[in-house]
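See below for the structure under consideration.
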Amino acid sequence: MQHGKYRFIVGFLALPLGLYALFVVWPFIQSIYYSFTDWTGLSPEFKMVGLDNYRRMLDDQIFWKSLQHSLLFALLVPVVTIGFALFLSFMINVGGRRRKSGPVVSGVRGSSFYKIVYFFPQVLSIAIVALLFAFAYNPDSGAINSFLRGVGLDGVQPLWLGDPDLALWCVMAVLVWSTVGFFVVLFSAGMASIPADLYEAALLDGANRSTTFFRITLPLLWDTVQSGWVYMGILALGAESFAVVQIMTTGPGGPDYSTTVMVLYVYQRAFRDGQAAYATTIGVALLVVTLAFAAVVMRLGRRERLEY
Amino acid sequence: MKTTEPPASLPVTKIDLPAGGKRPRRGSDGRVLNVFSHGVLVLWAVMVVLPLLWAVMTSFKDDRSIFGSPWSLPDRLHFGNWSRAWTQANMSDYFLNTVLVVGGSLIGTLVLGSMAAYVLARFDFPGNRFIYYLFVGGMSFPIMLALVPLFYVVNNMGLLNTLHGLILVYIAYSLPFTVFFLTAFFRTLPSSVAEAAFVDGASHSRTFFQIMLPMAKPGLISVGIFNFLGQWNQYMLPTVLNTDPDKRVLTQGLVQLAVSQGYKGDWSGLFAGLVMAMLPVLGAYIVFQRQVVQGLTAGALK
């Protein structure tokens, strides 16, 4: 197998590796370098300014706001999404009525139907979902307020995305709406592989359903939950939150920067304000937050591996 | 989850026995739960479907009734919205651009990704591990960080606002996961077949294209679906790298339309465009439901 081996390896790796290095690795290295310069991005000239950008970042009120919002996104959105998805998938897989001579726990009737429907938002572009909800949230003619009027709640007509106190929650709710189905399907697959006789034994011993959930389902599913948590957190810090915040709360990122997240702030500084170097500095901060988030979740979630 | 300490053995043994260990509650417990769970499940299904149905319904209404009564059924089906969106609002162009970009980058991603993964999975050479982790590391860092310099890299190469430039960037950003997934996949394939082919005089590349690639088909389908949805739904990369109005992809074009609607006010046409962008993926999902779910969940787990 030695003949021509290295020529083959080089030939097969050159193109993918070259493309990856050029468009991913090289810009990534550059951005860390640029964070120590005063580059505007508009002209090729720049000079080194040391830690000036980092000092400036620490004094930047909008940066702290965006950091706060990003942390909220990374912590709250995955917890709500995963918690709700666990609840729904437990209902789907264990909530079924006991049928004669069937297994002691079973899925509800139509469980595959629910799984298909819940997954709908996952295949849609987050940009399209964000647009749709931007219309639905419209205070005058949107579906939500008009629904509230329809059921007699004329007095309750929030501004939704126009209200600085509400806008961030509205945006997060959209992210939850669009991701829950994915985790329902993911957790259902995990639950389906838990042997039914574990439930059989527990129910025989008089355990109720919520006990079986916390003592059997959740521990056996923990690995999936944890990797889902990290995955969702990285999404909520990065691309997904960019799309929802940028599309739904146009302008400066919500009234009075009330929804700005770190990714959006990087984008605005770089491509709107012509401050490429400062933008990459915030990008580095985002990288630190992302890595710290993943490390914390992995650490908190560490427990003994269960086999069954 | 601080309340449950790691069970030493199977968790079942930890459940406390109630006095007498009686079993009569089971039947009624199941029934109450059944009603409750169906209620919750139906409610969430409605919450998922209702916004989508609302969009479809709205796409058939005229502007006046969209604003006047958002929840009423259309007085008649205004198909004009759809044809207006398709021709005047450039949805047909956006569609074509998206098909070209996603088609090109999907093929490129699969070919280049499987080539790199094959070499990394089956050949020993110095630097193998390093290159592997270089690829895989790309999965965890925020794209946004690289996006600013990337803009200038693409610009300097004269690839800004071109479809082939977008294709190359899509491929580059799809490689980390693709290589990661396919490397694991190629490792599981039996090596005896490849060795036999090689002994028979096939070259390395011929062995790859004629024997290994067909064997890797299930893996290629999974990772292909994952990349298809990701690239079709991509919003951030085209927003930054592709500002020429004629080259817009679907997501970008729709968002631009919505922003400029503030002046033109063709809301019904915009809704028609929105639904046009949703229906093909939803339709494809319903048809290929099993493969899509497998492809996407495999993506998250491995």
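Below, chain A is the first sequence line, B the second, and so on; all start at residue 1. What you see below is based on every heavy atom in this structure, not just the backbone, and it leaves out hydrogens, waters and symmetry mates.
Nearest approach of A:P27 to B:P149, heavy atoms of both residues: O-CG, 3.4 Å. Here the closest non-hydrogen pair linking A:W177 and B:M47 is NE1-O, 3.0 Å. Scanning both residues, B:L147 and A:F271, for their nearest heavy atoms gives O-CZ, 4.1 Å.
Using a 4.5 Å cut-off between heavy atoms, A:L22 touches chain B through backbone and side chain atoms alike. When heavy atoms are compared at a cutoff of 4.5 Å, A:T290 approaches chain B solely by way of its side chain, counted from C-beta outward. For a residue to count as touching a neighbouring chain, one of its non-hydrogen atoms must lie under 4.5 Å from one of that chain's; by this rule B:V153 touches chain A with the side chain only. Using a 4.5 Å cut-off between heavy atoms, B:L50 makes no contact with chain A at all. For a residue to count as touching a neighbouring chain, one of its non-hydrogen atoms must lie under 4.5 Å from one of that chain's; by this rule B:L159 touches chain A with the side chain only. The parts of A:F147 that come within reach of chain B are both its backbone and its side chain, each placing non-hydrogen atoms under 4.5 angstrom from that chain. Contacts of B:L250 with chain A are absent, with no heavy-atom separation under 4.5 Å from either backbone or side chain. The parts of B:V42 that come within reach of chain A are both its backbone and its side chain, each placing non-hydrogen atoms under 4.5 angstrom from that chain.
Note on B:Y173, B:F135, B:Y118, B:F125: by heavy-atom pairs under 4.5 Å with chain A, the leading option is B:F135. Per-residue heavy-atom pair counts under 4.5 Å with chain A were compared for B:Q252, B:M236, B:M115, B:Q289, and the maximum is reached by B:M115. Counting heavy-atom pairs closer than 4.5 Å to chain A, the top-ranked of the candidates B:L168, B:V169, B:L229 is B:L168. The most heavy-atom pairs under 4.5 Å with chain B, out of A:F133, A:F87, A:W26, come from A:F87. In terms of heavy-atom pairs under 4.5 angstrom with chain A, the leader among B:V119, B:L41, B:L134, B:V255 is B:L41. In terms of heavy-atom pairs under 4.5 angstrom with chain B, the leader among A:A127, A:G238, A:S146 is A:S146. Of the listed residues B:G138, B:G113, B:P176, B:A55, the one with more heavy-atom pairs under 4.5 angstrom with chain A than any other is B:P176. When the candidates A:L286, A:L19, A:V24 are compared by the number of heavy-atom contacts under 4.5 Å with chain B, A:V24 comes out ahead. In terms of heavy-atom pairs under 4.5 Å with chain A, the best-connected choice from B:T58, B:T251, B:V148 is B:V148. Note: A:A143 leads A:S31, A:A270, A:A143 in heavy-atom pairs under 4.5 Å with chain B. Across A:L88, A:L15, A:T280, the residue that shares the most heavy-atom pairs under 4.5 angstrom with chain B is A:L88. With respect to chain B, the highest number of heavy-atom pairs below 4.5 Å among A:V180, A:L237, A:I32 belongs to A:V180.
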- prompt: Do B:L52 and A:L132 pass the side chain to side chain contact (heavy atoms under 4.5 Å, CB included) test, and can you show the C-alpha distance, the side-chain angles, and the key distance before you say yes or no?
  reply: CA-CA 8 Å; B:L52 304 178; A:L132 181 64; 4.1 Å; yes
- request: Could you give me the CA-CA distance, side-chain angles and deciding distance for A:F119 and B:V292, then say whether side chain to side chain contact (heavy atoms under 4.5 Å, CB included) is met?
  value: CA-CA 10 Å; A:F119 207 75; B:V292 173; 4.2 Å; yes
message: Before you tell me yes or no, could you show the steps for A:F23 and B:M157 under side chain to side chain contact (heavy atoms under 4.5 Å, CB included), namely the whole-Å CA-CA distance, both residues' side-chain angles and the distance that decides it to 0.1 Å?
response: CA-CA 11 Å; A:F23 289 123; B:M157 296 176 68; 4.2 Å; yes
Derivation of the side chain to side chain contact (heavy atoms under 4.5 Å, CB included) call for B:L274 and A:L131: CA-CA 8 Å; B:L274 204 63; A:L131 266 182; 3.7 Å; yes
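Centroid-to-centroid, the aromatic rings of A:Y114 and B:W44 stay 6.0 Å apart or farther. Taking the ring centroids of A:W39 and B:Y152, they lie under the 6.0 Å cut-off. Two rings, from B:F208 and A:F8, have their centers 6.0 Å or more apart.
Looking only at distances, no side-chain donor or acceptor of A:Y267 sits under 3.5 Å from a matching main-chain atom of B:V240. The main-chain N or O of B:H204 is never found under 3.5 Å from a side-chain atom of A:K5 such that the two would form a donor-acceptor pair. A donor-acceptor pair under 3.5 Å is absent between the side-chain atoms of B:W232 and the main chain of A:V123, judged by distance alone.
The line from OG of A:S125 to CD of B:Q234 is 8.5 Å long, rounded to the nearest 0.5 Å. Atom NE2 of B:H38 is separated from atom CD1 of A:I92 by 10.0 Å, given to the nearest 0.5 angstrom. Distance CE/B:M276 to CD1/A:I128: 12.0 Å, rounded to 0.5 Å.
Between A:L124 and B:V281, some side-chain heavy-atom pair lies under the 4.5 Å cut-off. For the pair A:I234 and B:M139, the minimum side-chain heavy-atom distance is 4.5 Å or more. Annotation: side chain of B:L145 is in contact with side chain of A:V284 (closest heavy-atom distance under 4.5 Å). Contact annotation: the side chain of B:L112 never approaches that of A:Y20 to less than 4.5 Å [non-hydrogen atoms, C-beta and beyond]. Contact of the A:F28 side chain with the B:L150 side chain is not registered, since no non-hydrogen atoms from C-beta on lie closer than 4.5 Å.
Using cut-offs of 30° and 60° on the angle between ring planes, the pair A:F242 and B:Y235 is tilted. Ring geometry for A:F135 against B:F271 counts as tilted: the plane angle lies between 30° and 60°, on a 0 to 90° scale.
Applying the 6.0 Å contact sphere to CG of B:N156 captures more than 12 heavy atoms from other residues, nucleotides or ligands.
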